[in-house]
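Note that ligands are numbered from 1 as they come in the structure, with each ligand's atoms numbered from 1 the same way.
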Amino acid sequence: MTTKPSNNLTFDMPVQFLKGVGPARADAFAKLDVKTAADLLEYYPREWYFAPPPVKIEQLKPDHTVTLAGIVESTDWQAWRKPPYFEAYINDETGLCRIVWFHGRFLQDKITPGMKLVVWGKTTLYKHQLQLTNPKFVIVDADEIIADSFSGPVYPATAELSSGQIKKIIHDSLDNLVELVPEFFDSAFMKKANLIGRQKALKQMHNPHNETQIADAKRRLKYDELFLMQAALALRRYKVRNFEKAVALKCTEQIDRRIRKRFPFLLTEDQDKVIEEISADLSKTVPMNRLLQGDVGSGKTVVALHAALLAIANKQQVAIMAPTEILATQHFTSIERYLRNSDVKRVLITGGITGEKRKEILDDIKSGNTNIAVGTVALLQEDIQFADLALVIIDEQHKFGVHQRAGLRKDTTPHCLVMTATPIPRTLAMTVFGDLDISIIKHSPPGRGQVVTRYIQPKDLPKAYEFIRERLKAKQQVFFVYPRIVDSENGDVKAAIAEYENLSKKIFPEFSVGLLHGQMSGANKQKIMDDFRRGKIHCLVSTVLIEVGIDVPNATIMVIEEADRFGLAQLHQLRGRIARSSSKSYCLLIAQTENETAKSRLEIMERSSDGFEIAEHDLKLRGPGELLSARQHGLPDLKIANIIDDSDLLQMARKDAFELVEKDPMLSSSGHKNIRTELIRKFSGSLTLVDVA
Ligand code: ADP
Ligand code: MG
């Protein structure tokens with residue numbers, strides 16, 4: 001029997017019922033996403049400070065490390081000094097002390113008169129006065145200032161809830177709350193893994209006595225967070241592998257040879273390797289769940305088509321889905337190229353096809369007459385029934401989302417191949433797509449032109465225009481790209497439109513300039529793109545639309561304005577659009593920025609043409625960002641661990657979690673009960689693992 005905590009606390013008890021929290025504070029906590037007792041326990045401090053006990057200002061001596069606590073009397077930002085500094089005078093009723101922070105401009109709106117401030121640092125003598133220079137500091141509440149110790153956690157606070165208030169509330173319930181926390185691991189494992197106990201970790205996190213305790217606590221809590229996430233992924237993977245059945249698709253040498261005859265070139269080494277990986281997956285009754293990564297133009301479509309034809313050779317159907325109709329159409333067109341004179345029955349379904357025609361198409365798919373159906377994700381998931389769907393190919397291009405694979409087939413699960421041109425760094429892929437297998441095409445087919453990338457200032461645009469004019473005269477074509485979100489209504493499209501006016505009337509009146517953006521009708525867009533493809537339009541002014549899709553070998557220049565607003569992966573993909581010809585192409589990144597990170601990002605673009613290298617840099621400079629945040633993939637975001645900084649811990653947690661699920665996939669042994677309970681508590685809303693666990 002476990003002993004119940006004395007005061008009937010539970011994990012899911014609303015914070016309102018905790019000591020020191022009433023309805024008003026509960027509301028304030030809700031804004032911090034803290035709703036239950038468990039949330040509060042996981043509301044970790046932002047930082048900790050360990051100031052020695054304070055001394056009185058009248059007792060100060062030079063060259064001593066001391067803590068002072070007092071009220072801020074006055075502040076000033078001395079901008080004209082060299083170096084500039086921020087100064088504050090604090091008063092502790094025994095005297096006044098000057099505190100100086102060099103370059104402390106940012107402190108102007110942090111430290112203001114009337115505040116209670118604790119500072120600690122070394123005293124120095126300046127013009128016969130003792131002062132503290134660049135000390136550490138913390139702003140404290142009135143009731144804290146009378147305490148004689150200022151060590152403790154600092155919590156992310158709001159106007160309604162100060163760090164001090166949060167600290168008091170957590171500390172008042174900490175012992176009782178921690179009693180509720182079950183241990184996941186036995187002591188032998190913890191010893192080996194160098195992890196302290198879970199209860200101890202939480203106590204030390206919220207109330208540490210020194211830096212070592214904090215480090216130990218963080219390590220354990222980060223490990224737990226990563227471990228639980230990886231265990232959830234391992235369970236998801238286990239479920240797909242053991243509870244879902246797919247049709248096994250055999251690839252004989254004869255089939256493989258016949259398929260390859262369709263391609264007017266030899267496949268690259270990378271394509272061969274990836275085809276082998278995919279064929280091996282497809283030959284099993286375990287549904288494939290594979291992510292195929294490769295730059296735009298690296299030859300993914302060919303690989304996907306190989307898989308598709310393999311399925312068809314096995315008398316099965318294939319669905320190819322793209323995020324937009326333009327992309328779906330383009331896939332269909334390129335498939336058509338390879339399938340000329342073949343008796344594979346393929347169909348493109350678009351929103352424009354209605355009535356009898358649509359019914360006919362759907363009937364053919366339902367009867368199994370059609371071998372390949374190409375359409376948008378939405379379209380193919382709608383109401384379309386397949387007779388024998390065995391493979392789903394999804395082209396994500398650059399936005400990778402979670403897939404609802406249900407609905408396409410009832411009795412078996414189709415194999416699934418997701419293609420993406422986003423180079424996803426290994427660290428990230430492992431974390432977020434831990435239940436997917438990954439194939440990578442690293443090297444593009446030979447004969448790709450080189451793209452020279454230059455980052456330039458807007459003031460140099462006139463020179464760039466002259467350069468472009470020369471290329472236009474030589475019958476080359478140009479993309480002008482704007483960062484605006486196409487569907488936004490706050491005038492964003494105007495950027496492209498205004499620039500279109502400028503370019504067509506003033507800069508390049510002698511050439512034909514076209515405009516493409518998301519608010520145009522589908523037919524209009526198609527016409528503009530056809531005109532560009534045929535060379536009737538020389539300059540295409542566009543929003544990021546062109547990222548998904550135009551294949552024009554003659555387009556050898558791309559000008560990207562406000563380039564600092566794009567993600568590097570996106571810039572890299574845009575740039576891929578002009579690597580289509582065998583001649584040298586030019587990508588001009590225009591940006592006006594003083595931001596050092598932004599500049600170094602653009603410099604990476606100048607330097608590197610390796611999508612993975614670029615993505616790794618971007619990840620380091622900017623973090624994983626929204627695009628690949630855990631939440632987007634159906635997992636809760638991490639609260640304390642960071643997949644980049646803690647990648648060692650991540651690898652360890654991943655190995656342990658996958659081993660655990662392999663040994664005890666139902667987590668049914670008594671030693672795993674607590675892990676199981678926690679997984680259900682944490683992930684039941686976002687993962688379908690509960691029916692396994
Ligand atoms: P992705 O889908 O990765 O953007 P594609 O499969 O569309 O790339 O290939 C891009 C271009 O390269 C196409 O024109 C295709 O015909 C060509 N291609 C693909 N594989 C090869 C190869 N092994 N050798 C030569 N050209 C190839
Ligand atoms: Mg493609």
Worksheet entry | N/O separation below 3.5 Å, Phe265 to ligand 1 |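 Looking only at distances, the answer is no, because the N/O contact criterion of under 3.5 Å is not met.
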
For the pair [X] and [Y], find out whether any cationic side-chain nitrogen is under 4.0 Å from an anionic carboxylate oxygen.
X      : Y      : result
Asp363 : Arg358 : no
Lys273 : Glu276 : no
Glu613 : Arg607 : no
Asp437 : Arg241 : yes

Contact atoms of ligand 1, heavy-atom distance to [X] under 4.0 Å:
X      : result
Leu267 : 23 (N)
Leu266 : 22 (C), 23 (N), 24 (N)
Pro445 : 18 (N), 19 (C), 20 (N), 21 (C), 22 (C), 24 (N), 25 (C), 26 (N), 27 (C)
Thr268 : 23 (N)

- Message: Looking at ligand 1, is there an atom of it that comes within less than 4.0 Å of some heavy atom belonging to Ser334?
- Response: no

Check: Residues in side chain to side chain donor-acceptor pair (under 3.5 Å) with Asp460, at least two apart?
Finding: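 Scan of Asp460 (side chain to side chain donor-acceptor pair (under 3.5 Å), adjacent residues dropped) gives none.
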
Going by the 4.0 angstrom heavy-atom rule, the piece of Met419 near ligand 1 is neither

OG of Ser439 to CG of Asp270, rounded to nearest 0.5 Å, is 10.5 Å

